[in-house]
Amino acid sequence: MKHPDRSVFSAALIAASVIVAAVVIRPAPATYAAASNDIAVCAVFRIVDELMSSERYLPQREALERRLRDEKLAPLAEEMEDLELRSREADEDERSGLQREAFRLRQRAQRIENEIRQEIEALLVVQLRECYELVRSSAVAVADDLGYTYVMSSLDPEEEIKADTVNRFLQGGLGRPMLMSPEDADITEDVRSDLKL
């Protein structure tokens, strides 16, 4: 079988690389520069965090925790106090029985603590969803009013990532997907104002 001339392949390869270089090196059309200004940036999760700590949401969680502790843990605390008083006056045999009872009460209190945490977390998830939707809707409305087409959720890339573990560092990095943007593209303060924060 006859092998084709290598110079034909070389010429074809050079021609192909010139075409690829022309495509890659070709300057971006003017519309690209305009389109890049259509992207707004908003620190969505920072505002969600502020909303969650605000008077709109925090008191509801605090009230739930107080109510659950009063209803579920206060009676156990009274029982524990009673056991301690009885234990002081009890003889050796009685005292060991009271200690076993106190141990069971502590285990029960731990289970109730876990239940309380789960109930508070369930409310937390509901509130987080609501806050996220409020912030997202506000960011979309503000961006639309200002003429932006896209909104990216991102913290300021210049802001230092404060982290003492690998996971926290990665979270800090993932919270900054926008690595560079014009200063006037940040609509975070507009969204805060819209949400009256």
Check: Does CD belonging to E55 count more than 12 external heavy atoms closer than 6.0 Å?
Finding: no
Next item on the list: Would you name the heavy atoms of D70 and P75 that are closest together and state the gap between them?
Entry: O-CD, 3.7 Å
Note to self: Looking at every non-hydrogen atom in both residues, tell me the closest pair between S138 and D194 and how far apart they are.
What the structure shows: OG-OD2, 2.5 Å
Margin query: Does this structure show an ion pair linking R192 with E189, if we count only N-O contacts that are shorter than 4.0 Å?
Written below: yes
Next item on the list: Verify the cluster assignment for L128 and L195: are they in a single hydrophobic cluster under the rule of side-chain heavy atoms below 4.5 Å apart?
Entry: yes
Next item on the list: List the steps and the verdict of side chain to side chain contact (heavy atoms under 4.5 Å, CB included) for R168 and K162.
Entry: CA-CA 8 Å; R168 285 190 181 151; K162 294 177 182 161; over 6 Å; no
Next item on the list: Keeping the roles fixed (side chain from S54, backbone from L51), state whether a donor-acceptor pair exists under 3.5 Å.
Entry: yes
Next item on the list: Check for a donor-acceptor pair, side chain of R61 on one end and backbone N or O of M52 on the other, with a separation under 3.5 Å.
Entry: yes
Item checked: V44-I161 co-clustered via ILVMFWY side chain contacts under 4.5 Å -> no
Next item on the list: Check the pair N167, T165 against side-chain hydrogen bond (donor to acceptor under 3.5 Å, both in side chains), reporting the backbone distance first and the verdict last.
Entry: CA-CA 5 Å; N167 280 342; T165 65; 5.7 Å; no
Notebook entry, point to check: In Å, rounded to the nearest 0.5 Å, how long is the span from CG of L68 to CD of Q118?
Noted result: 11.5 Å
Next item on the list: Decide salt bridge (charged side-chain N to carboxylate O under 4.0 Å, His left out) for R67 and E119; before the verdict, give the C-alpha distance in whole Å, the side-chain angles of both, and the deciding distance to 0.1 Å.
Entry: CA-CA 11 Å; R67 181 177 63 75; E119 286 193 54; 5.1 Å; no
Check: Between V41 and S154, which heavy-atom pair has the shortest distance, and what is it?
Finding: CG1-O, 3.7 Å
Check: Taking atom CD of E158 and atom CG of L179, what is their separation to the nearest 0.5 Å?
Finding: 10.0 Å
Next item on the list: Nearest 0.5 Å please: distance from the CD atom of E183 over to the CG atom of D156.
Entry: 8.5 Å
Check: Charged N to carboxylate O under 4.0 angstrom, E65 versus R117?
Finding: no
Note to self: Within this structure, what is the CG-SG distance for the pair D49 and C131, rounded to the nearest 0.5 Å?
What the structure shows: 9.5 Å
Item checked: In one Ile/Leu/Val/Met/Phe/Trp/Tyr side-chain cluster, 4.5 Å: L155, Y132 -> no
Next item on the list: Considering non-hydrogen atoms only, spot the tightest contact between T188 and A43 and give its length.
Entry: OG1-N, 2.9 Å
Margin query: Check for me, please, whether M178 and Y150 land in the same ILVMFWY cluster - side-chain distances under 4.5 Å, paths through other members count.
Written below: yes
Checklist line | Exercise: identify the closest heavy-atom pair between Y148 and A185 | finding: OH-CA, 3.5 Å
Checklist line | Residue pair R56, E130: steps toward the side chain to side chain contact (heavy atoms under 4.5 Å, CB included) verdict | finding: CA-CA 11 Å; R56 285 186 246 181; E130 189 176 315; over 6 Å; no
Note to self: Within this structure, what is the CZ-CG distance for the pair R46 and L197, rounded to the nearest 0.5 Å?
What the structure shows: 13.0 Å
Note to self: What I'd like to find out is whether the side chain of R129 reaches to under 4.5 Å of the side chain of E133, using heavy atoms alone.
What the structure shows: no
Next item on the list: Show your reasoning for whether side chain to side chain contact (heavy atoms under 4.5 Å, CB included) applies to S181 and I39.
Entry: CA-CA 9 Å; S181 62; I39 300 173; over 6 Å; no
Item checked: Non-hydrogen atoms of I187 and C42 that approach each other most closely -> CG1-CB, 3.9 Å
Checklist line | Euclidean distance, M152 CE relative to D186 CG, rounded to 0.5 Å | finding: 12.5 Å
Check: Do L134 and V48 share a hydrophobic cluster (ILVMFWY, side-chain heavy atoms under 4.5 Å, transitive)?
Finding: yes
